Amino acid sequence: MKYISTRGKSPALPFSDILLGGLAPDGGLYLPERYPVVDEKTLASWRKLSYAELACEIFSLYVDDIPAADLKALTEKTYTQKTYHFSRDSAKAADITPLTSLEPGLHLLELSNGPTLAFKDMAMQLLGNLFEYVLARRGEEINILGATSGDTGSAAEYAMRGKQGVRVFMLSPYGKMSAFQRAQMYSLQDENIYNIAVRGMFDDAQDIVKAVSNDAGFKAQYKIGAVNSINWARVMAQVVYYFKGYFEATASEDEKVSFCVPSGNFGNICAGHVARMMGLPIAKLVCATNENDVLDEFFRTGVYRPRQTAETYVTSSPSMDISKASNFERFAFDLVGRDSTVVRELWSKVDAGGSFDLSKTPYFERLPEFGFQSGSSSHSDRLATIRYCWERYRALIDTHTADGLKVALEVRDEAVPMLVLETAQAVKFAETIQEALDLEPPRPADLQGIENLPQRVEIMDPDVNAVKAFIRTHC
Ligand SMILES: *Cc1c(COP(=O)(O)O)cnc(C)c1O
C-alpha cells in the first residue's frame, strides 16, 4: 500500500515514510492510493474480535512495511485495558470503547477512557508506539515541538512519555489553563517531556512553533517534528472504533447504523468516512459543530469558508474552536473524484485566505452518496442537552459530546441506530457542567489530588530564540 498526496505533486510512499512527517512536500495530505474494501464475509468474521485484534486486522490493510508480528505486538501494547480504563461502567472496560445505551437505538460510543480523558488518546497512544518502533529501526530521533491550549498537548505527552528516540517540547500559555490541565501536563516527570509555559496567549505559543518550524536549517539540524491531526496514522487508528461501535450496536451485517461526530478539524469524522469507503454499513455520518460552524455551512450550502483566527469564537466546547478544518482536504479529494488538479485549484484559494463554493458543481450533487449530514450547537443548546441527558438518562456528558447529542436528536431517523461519539469526559469541562447542573463532575480515582503533585515546567517569555536555545541545550 502506497500513500499519495491530495495535491498530486509528491511521490507515492510506503507507510513508514509518511508516519513521521506532516504535510506532503507539495502541501497536500497523504491518503492511501485506494481504500481496501471489506466484504460482508470478512466483516462477519471480525464481529467477535477484541479491540486490539480488530485494530490489527484493519491496520494490516494499510501497513505493509512493518512485519505482521511486530504490528500485532505494537497494537496489543497500545489497546489494553491498563491504558483505557476510565470507562463509565467498569464492567465494560475491556471493550476499550464501550457502548452506553441511552435508549433503544440511541447510544454513546465512549472514546474518552484513555489517560487524558479525551478521544485523542485513541490515536495518539498508537502514534507513540509506532514512532518509537520506526525511529529505533532507522536509528533516528525526533524532537516534537507543539503548542497547546490543553487537550492535544497532554494527549501527545502521555503518548510519548518514556519513548526512546522521542523528545517532546510543548508550549502552553502561562497561567491560562485550568489547574487540572496544568497538573495533567506539568506533573509528568519523564526525562523526555519538556513543558514550556510562555508568558502570553495560546497564539503567541503557536507563533513560536511556526517560527521555529519555518527555520529550515534549525528544523533539519534538530529533527523537529509534529504530531498534528493531519497525520494519516491518527486517522487510521480512529477507523477502528467505527467498526467496533458498529458491531456493538448491531446483530448482523445487513443492519446499518449512523454516527454523529462532534467535529473541529474533521479528523475524527474523516476516519468515519474512510470506514464507510471500506464498506462498513454506515447510513449517515453526521457532522456536529459548535458555534464555529465552517463545516456545517459546507454540508448545507456547498461553500467552504475557513474563518480568520480573529473570527473564531471562544466557546464552552473549546476543542472544536477551529477556523480551518485541516483534514477536510482529505474528504474533498474523494468528493472531487480524487482529481488532484481540482484540489490544487480549490486550495489555492483556501491557502490565500479565501473560500470556495461547490454549490453549482456536480460535486455538490454527489454529496449525498457520501452519507453526510450536519448541524451545529450553541452554548445554550449545550447546557440544555447536558441537562436533558442527565435528567432523562442519568448520563453525565461533556460539552463536546453534548454538541453531538444535540445534533443527533435533531436529525435522527428512529429506524437506524444512532451512535454519538463521546469525545471527552465531563470532568475536563467542570465549569460548564456546574453551570448546567450545579454539580461537580466526579473525577476518576487515579486523578484525585493531581494538583498537589510536584510540577516540572520552564517559564519563559514568548521569545523564539529563547525557545531555540532551550531545545539546543536539551538535545
Ligand atoms: C479534538 C476534539 C474534538 C474534535 O475532533 P476533530 O478530529 O478535530 O474533528 C472534539 N471533541 C474533543 C473533546 C476533542 O478533544
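Counting starts at 1 for both ligands and their atoms, in listed order. The first residue of the sequence shown is numbered 1, and numbering continues consecutively from there. Everything numeric in this text was worked out from a predicted model, so none of it was measured.
- Contact annotation: for Asp151 versus ligand 1, heavy atoms closer than 4.0 Å belong to the side chain alone.
- Among the atoms of Phe429, none of the N or O lies under 3.5 angstrom from an N or O of ligand 1.
- Side-chain contact between Lys428 and Asp151 is present, with heavy atoms from C-beta onward closer than 4.5 Å.
- For ligand 1, the polar-atom distance check against Phe266 finds a nitrogen or oxygen pair separated by under 3.5 Å.
- Geometrically, ligand 1 and Ala424 share no nitrogen or oxygen pair separated by less than 3.5 Å.
- Looking from atom 1 (C) of ligand 1 to the surrounding protein, the closest heavy atom is Lys120 NZ, 1.4 Å.
- Distances shorter than 4.0 angstrom do not occur between any heavy atom of Ser229 and any atom of ligand 1.
- Salt-bridge annotation for Asp26 and Arg7: absent, with no side-chain N of the basic residue lying under 4.0 Å from a carboxylate O of the acidic one.
- A salt bridge links Glu297 with Arg307: the distance from a Lys NZ or Arg NE/NH1/NH2 to an Asp or Glu carboxylate oxygen falls below 4.0 Å.
- Using a 3.5 Å distance cut-off with no hydrogens or angles, the side chains of Thr100 and Glu110 do pair a donor with an acceptor.
- For ligand 1, the atoms closer than 4.0 angstrom to any heavy atom of Gly264 are 4 (C), 6 (P), 8 (O), 9 (O).
- We find the CG-OH distance between Asp95 and Tyr84 to be 14.5 Å, quoted to the nearest 0.5 Å.
- The pair Glu157-Arg161 does not meet the salt-bridge criterion, since no charged nitrogen lies less than 4.0 angstrom from a carboxylate oxygen.
- Among Leu419, Leu285, Thr97, Ile58, the one residue that satisfies the side-chain contact (heavy atoms from CB on, under 4.5 Å) test with Tyr242 is Leu285.
- The nearest heavy-atom contact from the protein to atom 7 (O) of ligand 1 is Asn268 N, 2.9 Å.
- No N or O atom of His400 sits closer than 3.5 Å to an N or O atom of ligand 1.
- Of all atoms in ligand 1, numbered sequentially from 1 with element shown, those under 4.0 Å from a heavy atom of Gly267 are 6 (P), 7 (O), 9 (O).
- A salt bridge is defined here as a Lys NZ or Arg NE, NH1 or NH2 lying under 4.0 Å from an Asp or Glu carboxylate O, and Asp17 with Lys2 fails to meet this definition.
- Near Pro262, the atoms of ligand 1 lying under 4.0 angstrom from a non-hydrogen atom of the residue are 4 (C), 10 (C).
- Considering backbone and side-chain N/O atoms, Ser263 never comes within less than 3.5 Å of an N/O atom of ligand 1.
- When only non-hydrogen protein atoms are considered, atom 6 (P) of ligand 1 lies nearest to Asn265 N, 3.5 Å.
- From the protein, the heavy atom lying nearest to atom 12 (C) of ligand 1 is Thr423 OG1, 3.5 Å.
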Step-by-step side chain to side chain contact (heavy atoms under 4.5 Å, CB included) determination, Ile386 to Leu437: CA-CA 8 Å; Ile386 290 168; Leu437 297 172; 3.8 Å; yes
